[in-house]
Amino acid sequence: MKNLVILASILFLTSCGLQSIPTQKNEVDASLAEINNQYKRRADLVPNLVNTVGGYAKHEKATLESVIAARAKATQITVDPTNVTPEKLQSFQKAQGELSSALGRLMVVSEQYPNLKADTQFRDLQAQLEGTENRITVARNRYIETIKNFNNLVTVPPTSWTNSLIYHHEKMPQWDVAADEKQKIEKAPEVKF
């Protein structure tokens, strides 16, 4: 009878997380794929944006080239959801951050050209880029949440017991703001009138 109680207890405890751990792992993979999808959408917009700005700002060659180079680098680095390491995630984030920075410089350049700002194609591309940046933010927030939920499942009892007995998943690396972005956040913006 004692063995039966122990066996029933083990079965009960191991049943905790049998479906929730793999389900949450799938959610993590899907949310990272959505981040990649939104970054791809942004990368696809960049050539059109560069060409439009280039038509008006031919002497801004260095800015345009830096955007093209950052896009090339950002599209070369991908993150495989099934094999994410903190180092790979950091490298991916850094490349995407460099593209964001280059695009920011491009938008500053565009402010110097009133005809460009009035161009409907440029305005449409700028609106699409802004919408894509918002989508990226939403996708990253979802990824952060799914990682938190997955990490809770694999580290908090009773599902962590199931994980240690059956799945052996490690805690996954969390999305983090790159060091250069942290500096931008920590430094208060200067406001001049």
Side-chain angles (χ1 to χ4, degrees), residues 1-46 70-104 129-187:
M1 185 67 175
K2 184 177 179 183
N3 290 340
L4 188 57
V5 170
I6 291 172
L7 182 59
S9 297
I10 290 172
L11 287 174
F12 170 74
L13 291 175
T14 58
S15 70
C16 296
L18 277 177
Q19 289 184 333
S20 58
I21 292 173
T23 300
Q24 192 59 42
K25 175 76 170 77
N26 292 340
E27 288 291 323
V28 168
D29 294 351
S31 62
L32 184 55
E34 181 58 21
I35 290 173
N36 286 326
N37 180 43
Q38 294 307 326
Y39 278 134
K40 168 89 171 78
R41 183 177 195 276
R42 177 175 71 174
D44 290 346
L45 288 172
V46 169
R71 178 192 181 270
K73 185 176 180 182
T75 56
Q76 288 175 351
I77 299 173
T78 58
V79 179
D80 176 9
T82 61
N83 192 19
V84 177
T85 65
E87 296 79 21
K88 288 178 184 177
L89 191 58
Q90 186 177 23
S91 174
F92 179 75
Q93 289 174 280
K94 183 179 180 204
Q96 294 300 331
E98 289 171 6
L99 180 55
S100 294
S101 179
L103 286 170
L129 186 62
E130 288 171 3
T132 300
E133 292 297 332
N134 290 335
R135 289 176 178 155
I136 289 169
T137 300
V138 169
R140 285 190 309 217
N141 287 339
R142 287 182 184 147
Y143 181 70
I144 289 167
E145 188 64 24
T146 58
I147 288 289
K148 181 191 79 164
N149 293 338
F150 176 80
N151 287 343
N152 284 341
L153 286 172
V154 299
T155 60
V156 178
T159 55
S160 65
W161 299 331
T162 303
N163 182 53
S164 63
L165 289 171
I166 299 171
Y167 298 113
H168 310 288
H169 290 298
E170 296 291 325
K171 188 175 175 183
M172 296 184 87
Q174 187 55 272
W175 190 273
D176 190 18
V177 178
D180 57 331
E181 292 297 315
K182 285 183 182 179
Q183 289 174 351
K184 289 178 190 175
I185 293 169
E186 291 169 358
K187 183 181 177 190

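Reckoned from all heavy atoms, side chains included, excluding hydrogens, waters and symmetry mates.
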| field | Any Glu170 side-chain heavy atom under 4.5 Å of Val154 side chain | value | no
| message | Do His169 and Asn151 have side chains that approach each other closer than 4.5 Å (heavy atoms only, starting at C-beta)? | response | no
| note | All heavy atoms of Thr146 vs all of Val28, minimum pair found to be O-CG2, 3.4 Å
| query | Would you call Asn149 and Glu27 a side-chain contact if the rule is heavy atoms closer than 4.5 Å? | reply | no
| task | Drop me the distance from Ile77's CD1 to Asn36's CG, to the nearest 0.5 angstrom. | result | 12.0 Å
| query | Can you check whether Leu18 reaches Tyr167 side chain to side chain, under 4.5 Å on heavy atoms? | reply | yes
| Salt bridge flag under 4.0 Å for residues Glu34 and Arg142 | no
| task | Grab the two heavy atoms, one from Ser164 and one from Trp161, that are nearest each other, plus how far apart they are. | result | OG-O, 2.9 Å
| query | If you look at every heavy atom in Thr132 and Gln38, which pair is closest and at what distance? | reply | CG2-O, 3.5 Å
| request: Please name the pair of heavy atoms, one in Tyr143 and one in Pro173, separated by the smallest distance, quoted to 0.1 Å. | output: OH-O, 4.2 Å
| How long is the gap from NZ on Lys73 to CD on Gln96, to the nearest 0.5 Å? | 11.0 Å
| Mind checking whether Asn163 and Leu153 have side chains closer than 4.5 Å, heavy atoms only? | no
| message | Rounded at 0.5 Å granularity, tell me how far OG1 in Thr162 sits from CD in Gln19. | response | 11.5 Å
| Measuring from Thr155:OG1 to Met172:CE, what's the distance to the nearest 0.5 Å? | 13.0 Å
| message | Just verifying a value: how many Å separate Lys88 NZ and Thr78 OG1, rounded to the nearest 0.5 Å? | response | 9.0 Å
| request: Answer yes or no: is there a side-chain heavy-atom contact under 4.5 Å between Arg41 and Asn37? | output: no
| request: Report the residues that fulfil salt bridge (Lys or Arg N to Asp or Glu O under 4.0 Å) with Asp80, sequence neighbours left out, ordered by chain and then residue number. | output: none
| request: Determine the interplanar angle of the Tyr39 and Trp175 rings, folded into 0 to 90°, and report it as parallel if under 30°, tilted if 30 to 60°, perpendicular if over 60°. | output: parallel
| field | Partner set under salt bridge (Lys or Arg N to Asp or Glu O under 4.0 Å) for Arg42, not counting sequence neighbours | value | Glu133
| request: Find the distance between CD1 (Ile21) and OG (Ser160) and round it off to the nearest 0.5 Å. | output: 8.0 Å
